[in-house]
Structures are given as structure tokens and as C-alpha cells.
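Per chain, numbering begins at 1; letters A, B, ... match sequence-line order.
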Amino acid sequence: MSLLSVEELSVTFTARGRKDATAVDGVSFEVDQGQVVGLVGESGCGKSVTSLALMGLLPRKGVRVGGRAEFDGQNLLTMNERKLRDLRGSQLAMIFQDPLSSLNPVVPIGIQVTEILQRHRGLKGEKARKEAASLLDRVGIPDPDRRLKEYPHQLSGGMRQRALIAMAVACAPRLLIADEPTTALDVTIQAQILELLKELVDQEGTALLMITHDLGVVAGLCDEVNVLYAGRAVESAGRRELFAHPTHPYAHGLLGSIPRLDAPRGEPLHPIRGSINDKIAWADGCAFAPRCDHYTMECLTGTPELTEPRTAGHQVRCVNPVLPKAEVPA
Amino acid sequence: MSLLELDGVKVHFPVKKGLLFDRTVGHVYAVDGVSLSVEAGQTYGLVGESGCGKTTLGRAVLRLNDITEGGVVFDGTDLAKLPSEEMRAFRRRLQMVFQDPLGSLNPRQNIESILAEGMAAHGIGKDAAERRKKIEDILAKVGLPSNAMSRYPHEFSGGQRQRIGIARALVLEPDVIICDEPVSALDVSVQAQVINLLEELQESLGLTYLVIAHDLAVVRHISDVIGVMYLGGLVEEAPSDALYAGPRHPYTKALMSAVPVPDPEVEDRRERILLHGDLPSPANPPAGCRFHTRCPWVQETKCATERPPLLDTGDGHKVACHFTAEIEAGTVKQTLATGIEAVIGTETVAAEAVETAEAEAPAEKPAEDEAPAEEPAKAEAPAEEPATVPAQADADATEQTEDSPKA
Ligand SMILES: Nc1ncnc2c1ncn2[C@@H]1O[C@H](COP(=O)(O)OP(=O)(O)OP(=O)(O)O)[C@@H](O)[C@H]1O
Ligand SMILES: Nc1ncnc2c1ncn2[C@@H]1O[C@H](COP(=O)(O)OP(=O)(O)OP(=O)(O)O)[C@@H](O)[C@H]1O
Ligand code: SF4
Ligand code: SF4
Ligand SMILES: [Mg+2]
Ligand SMILES: [Mg+2]
């Protein structure tokens, strides 16, 4: 059994006076120990809402959560608040996109880290301080003793993100959820942080749920990839399989539309037309239909099922997947 | 002669402090001696990380920032010295497209009025009818429906708003368009639409572009020549393909190796050159080579004391490094530990690296990677009155917070 197993997770916002808005619409995936699973998709596709739902951090009112999310056999979605709080910070940890907003601006970094060590590992005084310094050191923050006394705003963006990672790994969590952990950072700093995350997975066997819009990051890091569109997974496959054979028209289009550093200058890009605002409800058909070149009438008869048109384990939610005209045997 | 030539351009912002009197306590050396030429009909791409001075440079060309020193020669005229009345005529010929299309469009004006405003100011079109005709043409060119004229900015998607920004520049019939992060605020699937549009327009209208972006893959895609900036200065400049095929400056090598490529086959084979620490503050740039506090090839001589000039190393490939030839020949080796040990800071490796760096650096300028970045920050405890210009890290953070869509 997987460490985390998410089944048909759905999240609907039900603000009064407004139409219900389903942000996550039946998402399923599994994460094993020592494995990196990616959730990738564009702005608004439900990545953050998915992670907040798993962490139990969605607002209590005006939200309807459905499905199951079993962590080590226990359903996170129905767990009581006390138990969940114990899990968070010990076995489950999260890194947010914007490090500044998840650090307390008026409390020195050191106190924020030692607090966690005290609460979850029972370390006190000098012992906690020493462990905090060693954590900062481990994530590559130079001069940790001095840094511990500083406030978040005194650290650069890269250092703040490293401090957050230090806090997240303080209790050696079994599952780390990283929501766009490098999006706000420069690429040279991003490379440092990604290396750090890889190290964590390889050495500690941490399971990592990596949320990002950057297919480049996914290509270098994730074992399994789930591509989300409008709140649903439209394609799920192993990393190599997905990039070699993107089969859902959206995933296929996305890969054809991003400029690549290693592509010759002037190589034409093939954009996807329209924008993510041009969508229909999944209940009516395929949400991607208004932008899809493969669209047929069949696409408008309810949500397309996940199928495996290519290889086992490579799931695609599309009635007209992108397949080679005829598979010519080599 | 090139259409646009920058000659030793410097833009220094004074840092002011004090309650009653604005005392200048220092300068932000945002752009510190940049020379480059943009050829007519071509695209010059300027890349570099946050805070290296790209936007400031672009704004300086349009004189939206005061130029502290140096020349900006456009079509034979030095704009830097031009009185402001005479600058007006040139403003039309040099247009800018901004990163945040919504922030740069007045929400209360409809699209026709936004576009007509600039035309009227510059005397384009005899009357409203003629202007309307022209606006219709341009909207079609940038791929917007003609009914867009009577609609308001918020009614459009991000990609469409960027098209409006481009249309606003185009109606003035400019020669040069400076595009500052033209696609970075857009969704991945929409970026390609705008990139293609810029390329088509260049082809059909013969436009000259100065494209400013932090995304090296985007810049490589659209540029003929690429300039790489680090802390206010150009460190390397080369034709796009040559730069990709063989980056010569240590910073460019690191930058290029850090850009993720959406292809596992490529990613698995790539060797990353990981840099230590963060970008130093432009208010307090390191002496000598600006990159010496993070350079994996930093040498005992020269690097910390002499600023390397940007020199042609053959085939128009310019590099600002004292040891380009030696690094190329392999006779100068990487000095700082790179790779995972350096990042994770495994005690022994990190300690060794710092020791080596300290031993190599002159006494008054420790080469321990973070040192220069810290100085401006340590002056400010949160309770203290902050300087008018915040340290770079803070400025970035504010920007990022605003940019990042929140759940
Ligand atoms: N508290 C909320 N109330 C109502 N709608 C919400 C709320 N939080 C998120 N949403 C909506 O849910 C959808 C998914 O949002 P989410 O933040 O998960 O997107 P995302 O994939 O993380 O995007 P990004 O890449 O921009 O971070 C969006 O349409 C968003 O507007
Ligand atoms: N008006 C100003 N007054 C003082 N300092 C400024 C001003 N404008 C910019 N700076 C500073 O000058 C430096 C260069 O800023 P600039 O905006 O040009 O960088 P950039 O390369 O465009 O970065 P980004 O990729 O984040 O847009 C930064 O340290 C910035 O804080
Ligand atoms: S189901 Fe139809 S509309 Fe949706 S992606 Fe497949 S072909 Fe396109
Ligand atoms: S001059 Fe020295 S520090 Fe600067 S890039 Fe070259 S080797 Fe590195
Ligand atoms: Mg998000
Ligand atoms: Mg900028």
C-alpha cells in the first residue's frame, strides 16, 4: 500500500449568494515512500486547493470536500482536527509558494524553528537551538547561528525558502508537499533548492508531492506525473513515458508550446488557442473541448473516462487521444 | 551604424534616509556601465536574474529613468542629452510593452480610448474616424476581435491584455519596441501565442526589439543576439545560437545549466553548475569582478580587485572575465566545491570550501559567498526606520507577493 493514496478527491466552494465552484473535481493519485509525484498544470487548475485539502488547511466554512485521502491507512479528510495537527509538522509537512507569507514576520527565524522542535520533538533550550542551527546548516544557509536571530525580511528569497524547508524537515516528515517551492526564485537559486529536495528524497526516503506549473522542473524531478486541467487529472504517467508520448491533447499541446533552451532559434512554437477561461463544465463534457484540435461531438457527452490507450499505467482522459498514425514497428 | 547604441550607460539611484532631511546615504548601482548595439530589424535579448538591472536599463533608453552617465544613441541622436521637448518626437519611435498588462492599462478606459489617446498625443491620424480605422487594423493584426474596441481591460484574459499592450505600442508606428518580460505573467499555454505574435509582427513590420526577460529559453527563442546581465553589467554577449552552444562566462555557464528543460532524457544527462549563495545587493556590489563572490572559477589574482571589461573573444562573442581563455583551455579549474555537498552544506565540504575561499580572498574582502549580500540588511531591524530604498531582497519579496496568485 502507498503512503498516501488519494481517491476521487473533490473540493467545491459553496459561498452563499454565489454559484458553487468546483476547484478540484475527482483527482486520484498515490505517493510512495522515496517517490516524487508531480501535480502539474496551469494557474487555477486546482493544484493548491488539492494540497490544502490534504493538509486540512481549507477554510472550514463554505467548502465541500469529497473522496478519500489515506495517509498510512488513515483518511486525512475525516480525521479530527487534533489528530491532524499532530500529524502536520511531524509526519506531514508542507512548503508554500510564497515563503514570506508562511513565516511569521515579527518572530526571529530561530524561534520559529525551535518552536517546531519543541512541539514535535520535545527538544528544549540549548539543545533545540543547536538542532535548529544544524538544520539551517543542512539546507545550506551559511552562518546559521547568526541567521537564527534574524527576522524573515532580513533573509533573501532563496534563504527564506531554505529556512522553510528546514522547518518542514525538522521532524523528518514522511510526506512533504511542496507547492511551487521555487516559482518565486531565480533559476540559479531554484537549482539549489531542487537539488536539496532530491537529496531529501534519496537520503531520507521522504515522499514528495511536487506541485508546479513548470514542466522542466517535473522532467528533472518527478517519478510519476499527473497533468491537471480545470480541476481534473487529464493524463498520468511515469516521467519518461509522459514526456516521450504526451497523449492527451492538452499535455501534447503544452509540450509543443513551450520554448526550450535546447531548441534551435526560430523553431516554431505551436500554441494552444484560447485560454483556460474558455472551458465547459466537466459534467457536460471535456473541459478542454473549446481549445482542442481533436474535438468531436463525442467530447460533449459527459466527462471522458480515464483510459489507457497506449501502455498500462499511462492514463488519459480523452476520447480522441493523440496516437501515432500507425505504430510502425522498428 | 546600429539603430540603437548604448555606450557606457549608468543608472544610479540615490538611497535616501532620514526623517526631516533626505540624506543620500549611498547609491543603488542598478545599471553600471552597459554598452550594446541593437541592429535594425533584429531582436536583442537581455537576460539576467531578478534585480540585475534589466528593467532599469530598458526604462533608461526611453528616459523614463535619469541616465547618470553614458549615451543612448538612437538613429544618430544621443537621447541621453536631449532636452525633454525634443525627446517627445523620439518617444513615439521607441515604445515599451510591460510585464503586467493589467497594471499598465487604465481600467476605466475602453480599448479604443486607450489606443486613441497615444495617437492623438503624437498627432497620428487626422481625426477620430481615421484613428478608429487604424485601431481596427492593428487590433486585427494582434489577433483581437474588432468588438474589442468598446470593451474594458478587465474583460480580457491575460494573453489578450498583452495583445492590447502590444497594439498600444503599434498604433504609434514605432521603430523599436522594448518588451519588458512580455510573457512572464502569462499562462504557459498562452505564452507561445504572444511569442509567435511578436515574431510575426517583426517580420511584417520590420520592427526592432529589445526583449528583456529572466527566462533564458524564451529569450533564446526570439533573439538574434543575447546579452547576459549580472549586477548592473553585461558579462557576456553573443549571437543566440553561439551563446547556447558555448557559454564562456562562468555566470552564463551556471545560469544555462540551471534552466530546466522539459525532457527527462536531457535532464538526466545534464551537469549542473550550482552557485553558492545569493545575488549581492546592487547597493553594495562586490569590488573587482561582480561575480567573484559566487564564481566557481574565482582566482586569487585579479578577480576580487579588477573589474574585467567586456572583450570580444572572436566571432562577436564578448565576455567579461579575466580567465576566459584559461577556463576554456581547462588550465583554470573550478575552485569552490560545487554539486550537492556545496548546497546541502555537509559540514566538512562546506567548511573546506569556505576555508579555501577565505584563504584566496584578499583580507578586506572576504569571499565567503554571502558576505556582501548581508551588509545592507543587517542595518535594519524591523523596528528601525527603513531606508527609502529597501534592500534588494525586500523589494523582490514585495513584488513576488503581488505577482503570485494566491489561493
Ligand atoms: N477560498 C476559495 N474560494 C473560492 N474559490 C477558490 C478559493 N481558493 C481557490 N479557489 C478557486 O479554485 C480554483 C483552483 O485554485 P488553486 O489555487 O488550486 O489553483 P492553482 O492550480 O494552485 O493555481 P496557481 O498556479 O495559480 O497557484 C481557482 O479557480 C480558484 O479561483
Ligand atoms: N526607482 C528606483 N529607486 C531605487 N532603486 C531602484 C529603482 N528602480 C529599481 N531599483 C533597484 O535597482 C535594481 C535593479 O532593478 P531592476 O528593476 O532594473 O531589475 P530587473 O533586472 O528588471 O529585475 P526583475 O527581473 O526582478 O524585474 C534593483 O536592486 C532595484 O531594487
Ligand atoms: S476529449 Fe475531446 S475535446 Fe477533450 S481533449 Fe480529448 S479530443 Fe479534445
Ligand atoms: S573574472 Fe574571476 S570571478 Fe569573474 S567570472 Fe572570471 S574567473 Fe570568475
Ligand atoms: Mg497554487
Ligand atoms: Mg524587471
Side-chain angles (χ1 to χ4, degrees), chain A residues 42-43 48-49 52 97-98 100-101 105-106 137-140 142-143 151 153-159 183-184 186-192 195-196 199 213-220 239-240 243 253-255 257-265 267-273 275-277, chain B residues 49-50 157-160 187-193 195-196 214 216-218 220-221 223 240-241 244 254-264 266-267 272 274-275 277-279 340 342-345 347 350 354 368-370 373 377-378 380-382 393-394 396-397 400-401 404-405 407:
Chain A
E42 292 176 274
S43 190
S48 295
V49 171
L52 293 173
Q97 170 167 354
D98 172 21
L100 204 55
S101 74
V106 296
D137 185 51
R138 256 193 74 202
V139 298
D143 198 1
Y151 292 85
H153 81 276
Q154 290 172 292
L155 272 57
S156 69
M159 264 196 268
T183 304
D186 279 325
V187 290
T188 58
I189 310 290
Q190 165 169 291
Q192 298 171 349
E195 217 48 56
L196 188 61
E199 179 92 6
H213 69 275
D214 189 333
L215 282 162
V217 169
V218 169
R239 166 179 83 125
R240 284 172 180 278
F243 284 89
L254 212 49
L255 278 168
S257 71
I258 8 183
R260 281 173 59 149
L261 183 63
D262 61 344
R265 146 126 170 78
E267 181 135 303
L269 301 178
H270 306 283
I272 302 175
R273 72 183 126 85
S275 77
I276 39 178
N277 300 333
Chain B
E49 294 177 287
S50 183
S157 71
Q160 288 176 319
D187 259 314
V188 199
S189 73
V190 177
Q191 289 193 356
Q193 298 172 359
I195 292 172
N196 282 359
H214 70 277
L216 197 48
V218 168
R220 163 151 158 83
H221 186 84
S223 306
S240 183
D241 287 336
Y244 175 74
L255 185 65
M256 217 116 93
S257 82
V259 178
V261 173
D263 185 341
V266 176
E267 280 294 304
R272 290 242 144 82
L274 291 172
L275 294 179
D278 299 301
L279 204 69
I340 187 60
V343 180
I344 206 95
E347 266 156 2
V354 170
E368 199 251 292
D369 27 353
E370 308 281 328
K378 79 176 165 221
E380 297 172 26
D394 305 332
D396 284 352
Q400 285 152 7
T401 323
S404 46

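Only the side chain of B:S240 comes within contact range of chain A, with at least one heavy atom under 4.5 Å from a heavy atom of that chain. Contacts of A:E42 with chain B are made by both backbone and side-chain atoms, with heavy-atom separations under 4.5 Å. For A:V218, no part lies under 4.5 angstrom from a heavy atom of chain B. There is no contact between B:H214 and chain A, counting heavy-atom distances below 4.5 Å. In this structure, no portion of B:S257 lies under 4.5 Å from any heavy atom of chain A. For chain A, the nearby part of B:I195 is the side chain; its heavy atoms alone come within less than 4.5 Å. Only the side chain of A:I258 comes within less than 4.5 Å of a heavy atom of chain B; its backbone N, CA, C and O stay farther away. For a residue to count as touching a neighbouring chain, one of its non-hydrogen atoms must lie under 4.5 Å from one of that chain's; by this rule B:D263 touches chain A with backbone and side chain alike.
A:S257 approaches B:V188 most closely through the heavy-atom pair OG-O, 4.1 Å. When all heavy atoms of A:F243 and B:P262 are compared, the closest pair comes out as CD2-O, 3.4 Å. Taking each heavy atom of A:D214 and B:P260 in turn, the nearest pair found is OD2-CG, 4.2 Å. In plain terms, the two heavy atoms of B:R272 and A:A191 that are nearest each other are CD-CB, 4.1 Å. Closest approach of A:P271 to B:A192, counting heavy atoms only: CB-CB, 3.7 Å.
Of the listed residues (A:R273, A:H270, A:R239), the greatest number of heavy-atom pairs within a distance under 4.5 Å of chain B belongs to A:R239. Taking A:P264, A:P259, A:G253 one by one and counting their heavy-atom pairs under 4.5 Å with chain B, the maximum is reached by A:P259.
Summarising the geometry, atom CD1 belonging to A:I272 is positioned 8.5 Å from atom CD belonging to B:Q193; distances are rounded to the nearest 0.5 Å. Interatomic distance, CG of A:L254 versus CD of B:Q191, reported as 10.0 Å (0.5 Å rounding).
Here the side chain of A:Q192 pairs a donor or acceptor atom with the backbone of B:L275 at under 3.5 angstrom. Judged by distance alone, with hydrogens and angles left aside, the side-chain atoms of B:N196 form a donor-acceptor pair with the main-chain N or O of A:L269 at under 3.5 Å. A donor-acceptor contact shorter than 3.5 Å links the side chain of B:R220 to the backbone of A:A263.
Contacts of A:D262 classified as side chain to side chain contact (heavy atoms under 4.5 Å, CB included), with partners at least two apart in sequence or in another chain: A:R260, B:Y244, B:V261, B:V266.
Between B:D187 and A:S275 the shortest side-chain heavy-atom distance does not fall below 4.5 Å.
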